[in-house]
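Residue numbering restarts at 1 for every chain, and letters A, B, ... go by the order of the sequence lines. Side-chain atoms are counted along with the backbone in the values below, which use heavy atoms only and exclude waters and symmetry mates. In this text the structure is predicted, and so the values were computed from the model without any measurement.
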There are 2 protein chains.
Amino acid sequence: MPMILSKANENMTRKQRELFDREQLILDTAQQILNQQGTQGLTMDRVAAEIEYSKGTVYNHFSSKEEIISGISCRCMDNLTELFGRARDYNGSHRERIAAVGIAQSLYAQLHPVEMQNMQLIKSADVRDKISEEKQLELLQIEQKITGIVLEIVRDAMNNGDIPQDQPFIPDSIVLGLWSMGYGSNLLHMSGIPFKKLGMQQPLEMAWVNSHKLLDSYQWRPLSTTFDIYALREKLCKDLFPEEMKQLNSPK
Amino acid sequence: MPMILSKANENMTRKQRELFDREQLILDTAQQILNQQGTQGLTMDRVAAEIEYSKGTVYNHFSSKEEIISGISCRCMDNLTELFGRARDYNGSHRERIAAVGIAQSLYAQLHPVEMQNMQLIKSADVRDKISEEKQLELLQIEQKITGIVLEIVRDAMNNGDIPQDQPFIPDSIVLGLWSMGYGSNLLHMSGIPFKKLGMQQPLEMAWVNSHKLLDSYQWRPLSTTFDIYALREKLCKDLFPEEMKQLNSPK
DNA sequence: ATAGAATATGACGAAGCGTCAAAAATTGTC
DNA sequence: GACAATTTTTGACGCTTCGTCATATTCTAT
């Protein structure tokens, strides 16, 4: 069996580089199919045909369809991590940074809805059981990395005195609160429930309001009662995610 | 083709009653398989074998596997609705009632994890596309019913003066906030992420805390700073969900 | 009792997954 | 450069499941 490398490396032989490149090609192709035709449109035969190799070769790289999907998810989560990283490194108050994380998530969900679905899909027990131990560990590590970024911002804010420390479970509860809210909003956003028709606001829009409500409740200063959250959003979008905003607003 | 009724009715003929009963039998059987063997374990052939009819007969009732799953989800959502109804009808403050809704959701998630997964599964685009218009409408209507219960509690609270009305988007934003948080927590709870190992709290536990934080932020009186949320939880569990608590604590 | 309608059946074709023995390509050695 | 050993590729194959449909069976009403 061939040696497959999931991470690029300096001293790879030509052969290894070839294999690595093909692995990326498979993921690229699969992702494209996924975006165009959804999960059912993604079949191993189709991927094989598309990359002009045989099915067996595809199986040399990924032992199942689920492995491919989780491979795609890993890359997507890396991309999301990069956006989160920008938020963490933002030169502003901690409250602004944590807000930027929320924007990052929302932007990503809007720009890459299919990928977002996949990230959730691989969390379901059925799919997870079909993924190898290694891939599961890889996913977990990325997940930890993302959580770590958020946790770091919260801890820094606490050390900086922006959040009073008189409450239990902080910073866990803040992280989980924001995480749940963000996740849930995304899920509702993609659920196809016609909120507009039902005379309700959009979940993603409300997530922005409610996240700030939550942070206010933890007394994370400056409180949103002292500034305009929509002005902040515009500022952060412009400062941190100009490219993403352009993509979002351009006619696809 | 046979006439299939999804709703029970007073003046059904014997034949219609038979068909209706069989439809329930199929759903019961499928649900059992689902609980024991997961989504992949559920096949049309297996259902047919189990109910001792042929596959064609199963297809006379449900035109695809997804239709069965959404049928199960409808029944589960009805059950959840019943729990929510208890919360709404609770003889206590509005804040206590909305809190009871949160408990209802959390209890249901713990008692019926597989069903909860399914309710989320049918929201994914892939599955939704395979469900008939009628079933989608039925799902939407139940969803609206559930939302309506929560909305009703919030509106009553506002009319009662428990929530100040100086903020925009209320009550939408409260409903969506709680909904997102509840959904997200469930998703994380079932995601298999080892929060305990990572030194973090359990999502469902944190959802309880964070929901109250959110309500506090909307200044929904009485504020959680004036009472013990854990004592409240115990009281509500005892008053409203004694049977469910017993099930939860009994060794399955 | 019997015709006609309603319902049940399971063999069948299609599609997709994952495997594996054989074929092809690559590498190393003299 | 020839040749053996190893690695890689291939696609036909077996298996499972879905959903269909012509045929068989059962029911109903006269």
Side-chain angles (χ1 to χ4, degrees), chain A residues 1-6 12-26 29-30 33-34 37-71 121-122 126-132 135, chain B residues 1-6 11-26 29-30 33-34 37-71 121-122 126-127 129-132 135:
Chain A
M1 66 208 106
M3 173 178 295
I4 303 295
L5 303 176
S6 64
M12 287 195 294
T13 66
R14 179 181 59 75
K15 198 71 208 172
Q16 287 178 317
R17 219 162 28 238
E18 257 180 50
L19 287 178
F20 178 81
D21 287 346
R22 190 156 61 222
E23 192 155 312
Q24 296 306 310
L25 176 63
I26 292 175
T29 305
I33 295 175
L34 219 45
Q37 322 195 29
T39 310
Q40 17 241 320
L42 180 66
T43 70
M44 298 305 255
D45 289 278
R46 190 148 12 216
V47 171
E50 202 76 39
I51 65 171
E52 294 189 296
Y53 279 92
S54 73
K55 189 156 57 155
T57 299
V58 177
Y59 273 96
N60 277 344
H61 290 271
F62 299 94
S63 59
S64 74
K65 185 174 158 176
E66 283 74 20
E67 290 275 317
I68 292 186
I69 293 178
S70 71
L121 189 65
I122 56 170
D126 279 322
V127 177
R128 205 175 49 238
D129 291 347
K130 289 190 186 171
I131 301 177
S132 68
K135 210 77 197 181
Chain B
M1 67 205 109
M3 174 177 298
I4 302 295
L5 303 175
S6 64
N11 20 9
M12 288 195 293
T13 65
R14 179 181 60 73
K15 199 70 208 173
Q16 286 178 317
R17 220 164 25 240
E18 255 179 51
L19 286 178
F20 179 80
D21 286 346
R22 190 156 62 221
E23 192 155 311
Q24 296 306 310
L25 176 63
I26 292 175
T29 306
I33 295 175
L34 219 45
Q37 322 196 30
T39 309
Q40 17 241 321
L42 180 66
T43 71
M44 297 306 256
D45 290 278
R46 190 149 10 220
V47 171
E50 201 77 40
I51 66 170
E52 295 189 297
Y53 279 92
S54 74
K55 189 156 56 155
T57 299
V58 177
Y59 273 97
N60 277 342
H61 289 270
F62 299 93
S63 59
S64 74
K65 185 173 156 177
E66 282 74 21
E67 289 275 317
I68 292 186
I69 292 177
S70 69
L121 188 66
I122 56 170
D126 280 321
V127 176
D129 292 347
K130 289 191 187 171
I131 302 177
S132 68
K135 210 78 198 180

Results of side chain to side chain donor-acceptor pair (under 3.5 Å) for A/Arg22 - residues two or more places apart only: A/Tyr53, A/His61
When you measure from the side-chain N and O atoms of B/Arg22 to the phosphate of C/dT7, is any distance below 4.0 Å, counting only OP1 and OP2? no
What is the distance from NE2 of B/His61 to C1' of C/dT9, rounded to the nearest Å? 13 Å
Do you know the tightest heavy-atom contact between A/Ser70 and A/Ile131? CB-CD1, 3.7 Å
Under 3.5 Å, sequence neighbours excluded: what are the donor-acceptor pairs made by side chains of residues 41-48 of chain A?
{"residue": "A/Thr43", "atom": "OG1", "partner": "A/Arg46", "partner atom": "N", "Å": "3.0"}
{"residue": "A/Arg46", "atom": "NE", "partner": "A/Gly41", "partner atom": "O", "Å": "2.9"}
{"residue": "A/Arg46", "atom": "NH2", "partner": "A/Gly41", "partner atom": "O", "Å": "3.2"}

If I take atom CZ in residue A/Phe62 and atom P in nucleotide C/dT19, what distance separates them, rounded to the nearest angstrom? 16 Å
Residues forming a salt bridge (Lys or Arg N to Asp or Glu O under 4.0 Å) with B/Glu66, sequence neighbours excluded: B/Lys130
In whole angstrom, what separates B/Asp21's CG from C/dT7's P? 15 Å
Close N or O pairs between protein and nucleotides 14-17 of chain C (under 3.5 Å):
{"residue": "C/dC17", "atom": "OP2", "partner": "A/Met44", "partner atom": "N", "Å": "3.0"}

To the nearest angstrom, how far is B/Asn60 atom CG from D/dA22 atom C1'? 14 Å
Side chain to side chain contact (heavy atoms under 4.5 Å, CB included) filter on A/Ser132, not counting sequence neighbours, yields A/Glu67, A/Glu134, A/Lys135
Qualifying residues under side chain to side chain contact (heavy atoms under 4.5 Å, CB included), relative to B/Asp21, sequence neighbours excluded: none
Between A/Leu19 (CG) and C/dA25 (P), how many Å, whole number? 17 Å
If only side-chain N and O atoms of B/Thr57 are considered, is one of them under 4.0 Å from the OP1 or OP2 phosphate oxygen of C/dT9? yes
